[in-house]
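So the structure is just underneath, and the comments pick up after that.
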Amino acid sequence: MLDIKLIREHPDVVRENLRKRGNGEKVQILDELIAHDNEWRRLLTEANKLRHERRGITNSIASLKKEGKSIQAQISKGRMLDKEIVAIEKRRDEYKEKVDHILMRLPNLLHESVPVGEGESGNVEVRVWGKPPDFSFTPVNHLEIAKNLELIDDKRGAKVAGHGFLYLRDDLVLLDLALQRFAIDFMIKKGFNLVEPPFMMKRRPYEGVTDLSDFENVMYKVEGEDLYMIATAEHPLAAMYMDEVFLEEDLPLKLVGVSPCFRKEVGAHGKYTKGLFRMHQFNKVEQFAFCLPENSWDVHEDLQGNAEELYQELQLHHKVVNVCTGDIGAVAAKRYDINIWMADDVYREIGSNSNCTDYQARRLNIRYREKEGQSPKGFVHTVNNTGIATSRTMMAILEQHQKSDGTVSIPDVLVKYMSGIRNLKLH
RNA sequence: GCGGGGUUGCCCUAGCCUGGUAGGGGGCAGGCCUGCUAAGCCUGUGGUCCAUCGGGCCGCGCGGGUUCAAAUCCCGCACCCCGCGCCA
């Protein structure tokens with residue numbers, strides 16, 4: 001959520017931001033917001049004047065009573081005023097609701113380094129690590145490899161849970177767990193605190209962390225309960241400190257969350273949905289940080305470095321892109337994606353890293369104070385970054401580390417987490 | 001799931017029975033005093049709106065209700081603590 005004061009004082013900045021994002025239609029709702037906010041403030045001031053008058057009457061009744069005088073005239077005067085107050089406050093609240101409604105729908109302000117562009121094609125490459133594998137045979141996709149090795153059962157997954165669900169089997173389950181343990185140990189060494197969050201959360205904290213359209217397109221709702229299945233550990237991690245105030249010396253607070261992720265993937269038609277790439281359920285180790293506003297850009301780069309190191313240790317060729325205005329999403333001020341090479345010679349997203357600045361913190365009311373005993377100074381910044389999404393990482397390992405005989409070699413760093421297994425092969 | 005207790009400002013706490021401007025302590029910030037330090041004393045402390053000084057409104061877990069007037073009375077809900085029950 002943006003600061004309403006910023007919108008009042010610098011509407012041109014916000015308007016320009018919406019244009020850059022290609023949210024032309026939102027420029028209009030911004031103008032509506034400003035008009036509604038003006039009207040809200042006018043009605044608020046008017047209501048406050050009436051309430052002030054009303055308080056005077058109430059107080060005069062108390063003193064008249066003490067003197068034993070009649071209070072009837074004051075009571076009827078008060079009743080008249082009450083009617084006016086109720087009417088004005090009803091209108092005031094209607095405008096306030098309109099203001100909040102729009103405010104919750106405006107995207108975050110972009111960082112100046114975000115490239116302007118439309119869709120994925122507008123993303124700008126900033127780094128490449130490694131090269132495409134030099135195969136002496138025609139590489140095949142991970143689903144084919146995994147099915148040949150009897151490590152994935154997609155037919156039964158579909159039978160039992162529907163499209164987008166798989167049974168993982170045997171060594172692929174071990175690989176999933178190995179990736180999680182590898183990433184967890186890595187992040188702990190980097191000074192992160194390990195957290196397993198709740199896998200469901202209530203609506204109010206959920207509204208604090210995400211775009212409202214996600215409630216239709218992304219999250220599963222638990223029927224009959226005020227609970228949603230988490231789409232990523234980022235969400236419960238961000239909401240963990242809702243309505244709290246950090247002490248400046250405790251920041252940055254870096255958390256590594258491990259959890260399954262549940263996503264409806266509404267509107268995924270036409271996108272690449274093969275095998276492990278786009279599923280309704282997968283496991284992820286997530287980096288998350290709360291930090292001071294002045295540090296968030298450093299922390300953002302810091303987490304990016306961690307993610308790149310992870311894929312380097314796994315010997316996975318990838319590219320880093322600065323995600324453009326048309327592809328970045330509402331919550332982030334800046335985002336890097338890591339795109340992984342796949343066997344069809346296409347690079348696909350394996351993780352992303354977003355600085356959300358104070359956008360989530362304002363919605364969640366997470367602040368910081370300079371010293372114990374002082375009042376809060378401002379909102380913290382939040383940064384979230386995929387450490388390892390096991391599904392897409394397994395996919396990349398299968399495709400990049402496949403061999404001509406249909407087996408797959410396990411990256412060295414994972415072997416100790418795989419009970420010594422060095423290859424995926426048919427048993 | 002049942003019973004009891006609780007939720008007041010940055011923190012702790014009084015006020016609730018018996019409705020009438022939320023009091024005290026601590027912390028923090030600023031000031032006074034002081035040769036220096038400590039102590040002491042004074043002022044301030046959340047959100048928001050209008051405005052030149054300044055002033056108003058809101059805020060006692062959340063939402064309703066009663067009343068001229070609600071932290072206080074009534075109803076509903078959430079969360080926390082204790083005990084009981086059930087349970088991997």
Side-chain angles (χ1 to χ4, degrees), chain A residues 1-9 11 33-104 196-208 221-222 224-228 236 239-251 260 290 292 358 361-380:
Chain A
M1 187 163 67
L2 298 180
D3 186 354
I4 185 79
K5 284 180 189 157
L6 175 92
I7 296 171
R8 283 175 196 152
E9 287 161 23
L33 169 69
I34 292 165
H36 292 154
D37 180 54
N38 282 332
E39 188 61 8
W40 171 70
R41 284 190 286 168
R42 193 183 69 75
L43 290 166
L44 176 67
T45 303
E46 205 175 321
N48 285 350
K49 275 186 198 147
L50 292 174
R51 276 192 173 269
H52 182 56
E53 207 179 314
R54 185 66 181 78
R55 169 165 293 177
I57 293 170
T58 297
N59 290 341
S60 73
I61 287 172
S63 42
L64 285 173
K65 242 183 156 177
K66 231 183 252 171
E67 294 164 24
K69 292 181 183 161
S70 165
I71 57 173
Q72 278 316 310
Q74 296 300 86
I75 287 178
S76 54
K77 227 164 120 186
R79 291 212 165 110
M80 301 256 291
L81 258 184
D82 283 343
K83 275 185 198 155
E84 266 186 81
I85 290 172
V86 166
I88 282 209
E89 291 195 339
K90 183 165 172 264
R91 286 176 59 210
R92 178 198 65 184
D93 294 345
E94 281 165 10
Y95 278 99
K96 179 66 173 155
E97 211 170 294
K98 287 180 190 178
V99 166
D100 289 344
H101 181 87
I102 296 174
L103 211 46
M104 284 295 274
E196 182 183 281
F199 300 160
M200 300 173 216
M201 45 193 280
K202 299 196 266 192
R203 176 127 192 159
R204 146 111 214 271
Y206 226 135
E207 284 183 350
K221 170 141 180 47
V222 178
E225 307 269 347
D226 178 25
L227 286 173
Y228 295 82
M240 192 171 171
Y241 290 91
M242 177 171 78
D243 294 325
E244 295 193 36
V245 184
F246 283 106
L247 206 52
E248 191 171 307
E249 65 183 36
D250 294 333
L251 296 174
F290 298 96
L292 293 174
D358 61 1
R362 183 171 286 108
R363 285 161 89 122
L364 288 167
N365 189 32
I366 305 174
R367 295 170 294 170
Y368 69 95
R369 71 175 101 254
E370 287 181 289
K371 264 194 269 175
E372 200 92 56
Q374 293 189 344
S375 295
K377 192 181 177 197
F379 294 103
V380 298

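What you see is a predicted model, and the numbers here were worked out from it, not measured in a lab. Order of the sequence lines sets the chain letters (A, B, ...), proteins ahead of strands, with each chain counted from 1.
- Using a cutoff of 4.0 Å between basic side-chain nitrogens and carboxylate oxygens, Arg203(A) and Glu207(A) are scored as salt-bridged.
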- Item | Working for salt bridge (Lys or Arg N to Asp or Glu O under 4.0 Å), residues Glu46(A) and Lys49(A) | CA-CA 5 Å; Glu46(A) 205 175 321; Lys49(A) 275 186 198 147; over 6 Å; no

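- At the phosphate of A70(B), neither OP1 nor OP2 sits under 4.0 Å from any side-chain N or O atom of Arg55(A).
- C75(B) sits 15 Å from U66(B) when the P atoms are compared, rounded to a whole Å.
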What protein N or O atoms touch nucleotides 18-24 of chain B N or O atoms at under 3.5 angstrom, if any, and at what distances?
unit_1: G20(B); atom_1: O6; unit_2: Lys65(A); atom_2: NZ; d: 3.1
unit_1: G20(B); atom_1: N2; unit_2: Thr58(A); atom_2: O; d: 3.4

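- With sequence neighbours left out, the salt bridge (charged side-chain N to carboxylate O under 4.0 Å, His left out) criterion links Lys77(A) to no other residue.
- In summary, of the residues considered (Glu248(A), Glu249(A), Glu244(A)), a side chain to side chain contact (heavy atoms under 4.5 Å, CB included) with Tyr368(A) occurs for Glu248(A) alone.
- Taking atom NZ on Lys371(A) and atom P on U45(B), their separation rounds to 19 Å, with Å as the unit.
- In this structure, Arg363(A) CZ and Leu2(A) CG are separated by 9.5 Å, a value rounded to the nearest 0.5 Å.
- In this model, the phosphate group of C58(B) is approached by a side-chain N or O of Arg51(A) to a distance below 4.0 Å at OP1 or OP2.
- Taking atom C1' in both A29(B) and C82(B), one finds a spacing of 40 Å when rounded to whole Å.
- Here, A71(B) and C60(B) have their P atoms 7 Å apart, quoted to the whole Å.
- When heavy atoms are screened at a 4.0 angstrom cut-off, Gln74(A) is found touching no nucleic acid atom at all.
- For the atom pair OG (Ser76(A)) and CG (Asp82(A)), the distance works out to 11.5 Å, reported to the nearest 0.5 Å.
- Using a cutoff of 4.0 Å between basic side-chain nitrogens and carboxylate oxygens, Arg92(A) and Glu89(A) are scored as salt-bridged.
- Per the geometry, OH belonging to Tyr368(A) stands 16 Å off P belonging to C10(B), to the nearest Å.
- The residue among Val245(A) and Leu44(A) whose nearest nucleotide of RNA chain B lies closer to the 5′ end is Val245(A).
- At the heavy-atom level, Arg8(A) lies under 4.0 Å from the strands shown only through sugar-phosphate atoms.
- The strand RNA chain B forms stems, runs of 3 or more Watson-Crick or G-U wobble pairs with distances below 3.5 Å, at B:1-7 with B:78-84, B:10-13 with B:23-26, B:27-32 with B:40-45, B:46-50 with B:54-58, B:61-65 with B:73-77.
- Distance check, rounded to the nearest 0.5 Å: CH2 of Trp40(A) to OG1 of Thr45(A) gives 8.5 Å.
- A salt bridge is defined here as a Lys NZ or Arg NE, NH1 or NH2 lying under 4.0 Å from an Asp or Glu carboxylate O, and Glu94(A) with Arg91(A) fails to meet this definition.
- Distances shown here put every side-chain N or O of Lys49(A) at or beyond 4.0 Å from the OP1 or OP2 atom of C57(B).
- For the residue pair Asn38(A) and Arg41(A), a side-chain donor N or O sits within less than 3.5 Å of a side-chain acceptor on the partner.
- In terms of phosphate contacts, Arg369(A) brings no side-chain nitrogen or oxygen within less than 4.0 Å of OP1 or OP2 of C28(B).
- At the phosphate of C57(B), OP1 or OP2 sits under 4.0 Å from a side-chain N or O atom of His52(A).
- Relative orientation of the Phe290(A) and Phe246(A) rings is tilted, given thresholds of 30° and 60° on the angle between their planes.
- Spacing of P atoms, A38(B) relative to G27(B), comes out at 13 Å, to the nearest Å.
- Using P as the reference atom, U8(B) and G61(B) are 6 Å apart when rounded to the nearest Å.
- Atom C1' of G59(B) sits at a distance of 8 Å from the matching atom of G46(B), rounded to the whole Å.
- Toward the 5′ end of RNA chain B lies the nearest nucleotide of Thr45(A), the other residue of the pair Thr45(A) and Ile57(A) mapping further downstream.
- Asp82(A) has its CG atom 14 Å from the C1' atom of U66(B), to the nearest Å.
- At whole-Å resolution of the value, CZ in Arg54(A) and P in U67(B) are 12 Å apart.
- The side chain of Pro376(A) approaches C10(B) more closely than any other nucleotide in the set A78(B), C10(B), U48(B).
- The separation between Lys202(A) atom NZ and C62(B) atom P is 15 Å, rounded to whole Å.
- When the C1' atom is used for both A22(B) and A14(B), the distance is 10 Å, rounded to whole Å.
- Here C49(B) is the nucleotide among A69(B), G56(B), C49(B) with the atom lying nearest to any side-chain atom of Trp40(A).
- We find that CG of Asp37(A) is positioned 13 Å from P of U48(B), with the value rounded to whole Å.
- Comparing the C1' positions of G63(B) and C11(B) gives a spacing of 28 Å, expressed to the nearest Å.
- Look at CD on Glu372(A): it is 16 Å from C1' on G9(B), rounded to the nearest Å.
- Rounded to an integer number of Å, the gap from Asp243(A) CG to G9(B) P is 13 Å.
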